[in-house]
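What follows is a set of notes on a single structure, which appears directly below.
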Amino acid sequence: MVLEDLPNYTDYESIIQLFEISVKQHKERPFIHYQQRLSNSLKYNTLTYGEVDRITTYLANEWGPVLLPTTTVTANDNHPTQCIASLGHESSIQSVLIFFTVLKLGLPYYPIARWSTEPVTRHLLQLGNPSYVIATESYFKTQLGSSTTITVGDNLILPVKSWKEYDIDHLIKITTTEKQLAKTHFVPSPSPDDIVIVAVTGGTTTGFPKATIRNHRSFLYHLIEISLKNQDLGIDDALQQPLSTVINKSITEEVHVITAPLDRSSSIYQFLFSMLLGSSVLLFRHDPPSSWDEILAASKRFKPSWIFAAPFQIDKLADYLEQKTESAQTAATVLKGLKGLSTGGAPLRLSTERKLKAQGVIIKFVYAASEFNRLGTNVLDNVLGANRFIFPDVAMPYLLFEPFDQDMYQLVVKNNYPGLATKVGNRPNGDFATSDLFVAHGQHRSHPIWTLVGRTNDVFTIENGKRICPTRMESEVLYEDIIQNCMLLGENKRCCALLVELAADKAIKYSPTDMMNKVYEAVRRANEHVPSYYAVSVPNMVYVLPLNKRLPLTMKSTVFRIKVKSEFYQEIEQLYN
């Protein structure tokens with residue numbers, strides 16, 4: 001990266017062009033450290049930028065005759081019918097190969113997680129209407145019964161082919177020994193308006209995710225204008241630090257750990273950002289994501305600068321560090337050697353923030369969505385707390401904080417924002433109302449601070465007409481360690497009530513009386529931090545579930561509110577009767 005001449009996002013046509021430039025600059029540098037499973041032992045191998053380039057060119061030549069005849073690509077067609085759906089991601093390194101192979105063929109990539117239920121998978125296939133399906137070997141055999149087609153809906157029959165788990169050592173050998181590896185010339189180079197990824201949302205409200213179309217321009221804008229130029233690198237005092245002191249040679253020598261698989265747009269984004277910097281990426285093989293024992297063991301070996309993890313993983317890490325064990329102490333030492341942890345996509349528990357700050361661990365919390373990549377960010381310190389964001393100056397002309405109710409504002413992204421996904425506008429003028437609610441929280445060095453407090457979809461109205469944003473209350477209740485999850489109720493009722501799910505491993509350390517007292521204390525404490533009409537009467541309107549009961553969760557590990565109301569109908573009625 002040339003310090004004096006940082007690029008503009010308009011300097012690039014596509015993500016694949018950005019990749020080719022990165023390969024040219026860092027050809028012999030390590031790009032991916034990946035985990036392989038051999039018998040019962042774990043081993044890490046490394047691919048350079050040049051090796052990934054040669055291997056994926058080879059695979060694009062192999063897959064081109066299969067995929068391209070089924071697909072008609074036009075330069076300005078943004079409809080997702082031309083995408084290649086990829087099912088059953090089990091190995092992150094194989095996912096990288098699929099990703100670049102599909103992109104080198106000029107086709108949009110549509111990753112669908114293997115843990116999606118069959119109805120969700122078929123819903124997504126029907127929604128995206130892909131031209132072809134690639135399935136991992138085991139998914140192809142077990143879930144699809146080795147069928148070469150899959151029927152979606154009444155009329156859509158999609159061709160399916162298994163992506164065999166390639167022997168990477170063999171691929172390195174054959175692509176190195178060939179005198180000249182021909183580049184694919186099946187399709188024209190993509191333009192900024194062409195689709196690059198069809199991203200899958202978390203389905204936090206309905207339980208059925210949706211497909212969001214992302215073009216090259218959207219990704220390039222966020223990678224360069226939002227993340228790179230706004231110093232999304234976790235440097236202390238980044239808001240005032242000159243850019244030339246932030247981007248330097250040491251950045252290209254960094255290792256970044258990505259714990260989540262590459263079927264999530266947030267993981268793909270972080271992967272591409274590391275590529276933009278010329279850094280290397282450490283990927284784990286399996287999902288659910290690796291245990292913290294495994295993550296920290298790898299971190300001890302590779303000495304990464306950053307670890308990127310989902311909020312629910314950060315919650316587990318906070319508990320892990322509280323254990324009075326030698327491994328927990330070693331983990332704390334490893335984490336203090338990082339520039340920090342990065343997370344986002346769902347709110348972070350206040351108790352998690354407290355525990356990690358007590359251990360001296362730095363956390364960067366980012367605000368992002370499937371409709372746009374990183375937009376707001378912070379580094380948790382004594383000024384900013386969890387779920388509080390500063391939005392970069394370059395983005396502010398495109399953002400509206402629209403009054404919603406009392407002190408809450410809904411964030412609206414204007415239709416001309418370069419980083420907005422294709423055709424996601426939900427207002428008549430094409431603007432995108434995010435449904436995310438914020439409260440103004442003062443300023444930090446002349447930059448406004450906004451606290452994310454909930455979503456409009458979750459807001460309900462009690463009998464007296466007052467509107468309740470339940471997460472404002474719930475986040476305060478969750479400050480208590482023995483409470484795993486909770487849900488505030490009260491739609492069209494005279495007052496609010498609370499369902500509480502206990503963290504069984506923590507709750508059993510207390511007597512039944514002490515256990516309930518801790519819950520009641522948490523609710524009383526939360527009542528003091530929210531408007532009076534949110535208040536929950538203790539103990540009358542608090543229902544603590546038995547230790548063997550769990551509130552249903554969405555794919556993002558947030559409470560699935562609609563499902564709670566149906567599954568726990570009797571308990572809710574009991575509270576109000």
Side-chain angles (χ1 to χ4, degrees), residues 1-2 7 11-36 43-64 91-107 109 163-187 189-190 196 216 219-220 223-224 228 247-258 262 267-285 301-305:
M1 190 68 65
V2 180
D11 294 340
Y12 303 98
E13 294 292 311
S14 66
I15 293 299
I16 203 65
Q17 182 193 16
L18 187 65
F19 170 63
E20 289 170 350
I21 291 172
S22 296
V23 169
K24 187 176 180 180
Q25 291 177 334
H26 310 291
K27 189 173 182 179
E28 302 304 324
R29 281 194 44 73
F31 184 17
I32 303 169
H33 308 288
Y34 62 97
Q35 184 183 44
Q36 286 195 327
K43 179 182 177 182
Y44 293 90
N45 290 350
T46 299
L47 288 174
T48 66
Y49 277 80
E51 287 170 335
V52 174
D53 183 40
R54 290 194 298 273
I55 288 170
T56 51
T57 295
Y58 175 86
L59 293 175
N61 279 301
E62 179 180 314
W63 279 84
S91 164
S92 289
I93 185 59
Q94 297 289 331
S95 296
V96 170
L97 300 184
I98 297 174
F99 175 66
F100 282 122
T101 296
V102 170
L103 262 59
K104 281 189 173 184
L105 292 172
L107 301 173
Y109 179 62
W163 176 280
K164 62 183 179 183
E165 187 155 326
Y166 286 94
D167 181 335
I168 296 176
D169 290 338
H170 176 67
L171 288 175
I172 293 172
K173 183 178 179 180
I174 61 175
T175 56
T176 302
T177 55
E178 286 190 23
K179 290 184 178 179
Q180 184 165 356
L181 188 65
K183 288 209 170 187
T184 54
H185 293 290
F186 298 108
V187 293
S189 298
V196 59
H216 290 273
F219 264 86
L220 291 169
L223 287 168
I224 294 171
L228 180 62
I247 303 294
N248 51 48
K249 185 179 178 182
S250 66
I251 296 293
T252 65
E253 297 172 352
E254 288 187 349
V255 177
H256 299 159
V257 174
I258 300 178
L262 293 178
S267 297
I268 293 172
Y269 181 83
Q270 182 51 54
F271 179 84
L272 294 174
F273 185 55
S274 299
M275 181 189 78
L276 174 64
L277 297 175
S279 303
S280 57
V281 180
L282 174 62
L283 300 175
F284 295 92
R285 175 182 172 84
R301 173 180 170 183
F302 287 95
K303 298 179 173 54
S305 300

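Annotation for Leu283 and Ser92: closest pair CB-CB, 3.9 Å, computed over non-hydrogen atoms. The shortest non-hydrogen separation linking Ser280 to Pro30 is CB-O, 3.2 Å. Closest heavy-atom contact between Ser305 and His256: CB-CD2, 4.4 Å. Leu105 approaches Gly64 most closely through the heavy-atom pair CD2-CA, 3.8 Å. Leu171 approaches Thr175 most closely through the heavy-atom pair O-OG1, 2.6 Å. Closest non-hydrogen pair, Val281 versus Ser274, comes out as CG2-CB, 3.5 Å.
Taking Gln17 as the reference, nothing meets the side chain to side chain donor-acceptor pair (under 3.5 Å) condition, with sequence neighbours excluded. Residues passing the side chain to side chain contact (heavy atoms under 4.5 Å, CB included) test with Glu51, sequence neighbours excluded: Leu47, Thr48, Arg54, Ile172. Under the salt bridge (Lys or Arg N to Asp or Glu O under 4.0 Å) criterion, Glu165 pairs with Arg285, not counting sequence neighbours. Take Phe19 and apply the ring-ring contact (aromatic ring centres under 6.0 Å, His included) test, not counting sequence neighbours, and it matches Phe100. For the ring-ring contact (aromatic ring centres under 6.0 Å, His included) test, no residue two or more places apart in sequence or in another chain qualifies with Phe219. Looking at residues two or more places apart in sequence or on another chain, you find a side chain to side chain donor-acceptor pair (under 3.5 Å) between Gln94 and Trp163. For Ser95, the side chain to side chain donor-acceptor pair (under 3.5 Å) criterion is met by His89, not counting sequence neighbours. Scored by the side chain to side chain donor-acceptor pair (under 3.5 Å) test, Ser267 finds no partners at all (sequence neighbours excluded). Applying the ring-ring contact (aromatic ring centres under 6.0 Å, His included) criterion to Tyr49, with sequence neighbours excluded, gives His26, Phe31.
To the nearest 0.5 Å, the span separating CG on Leu228 from CG on Leu277 amounts to 6.5 Å. Here CD1 of Ile268 is found 5.5 Å from CZ of Phe99. Values are rounded to the nearest 0.5 Å. Summarising the geometry, atom OH belonging to Tyr34 is positioned 8.5 Å from atom CG belonging to Leu97; distances are rounded to the nearest 0.5 Å. In this structure, the separation between OG on Ser91 and CD on Gln35 is 9.0 Å, given to the nearest 0.5 Å. For the atom pair Leu103 CG and His216 NE2, the distance stands at 6.0 Å (nearest 0.5 Å). Once rounded to the nearest 0.5 Å, the distance linking CG of Leu223 with CD of Gln270 reads 9.5 Å.
Among Ile55, Val96, Thr57, Leu59, the single residue meeting the side-chain contact (heavy atoms from CB on, under 4.5 Å) criterion with Thr101 is Leu59. Among Ile98, Ile32, Val52, the single residue meeting the side-chain contact (heavy atoms from CB on, under 4.5 Å) criterion with Ile93 is Ile32.
Between Asp53 and Lys104 a salt bridge is recorded (basic side-chain N to carboxylate O distance below 4.0 Å).
In this structure, the side chains of Pro190 and Ile16 come closer than 4.5 Å at one or more pairs of heavy atoms.
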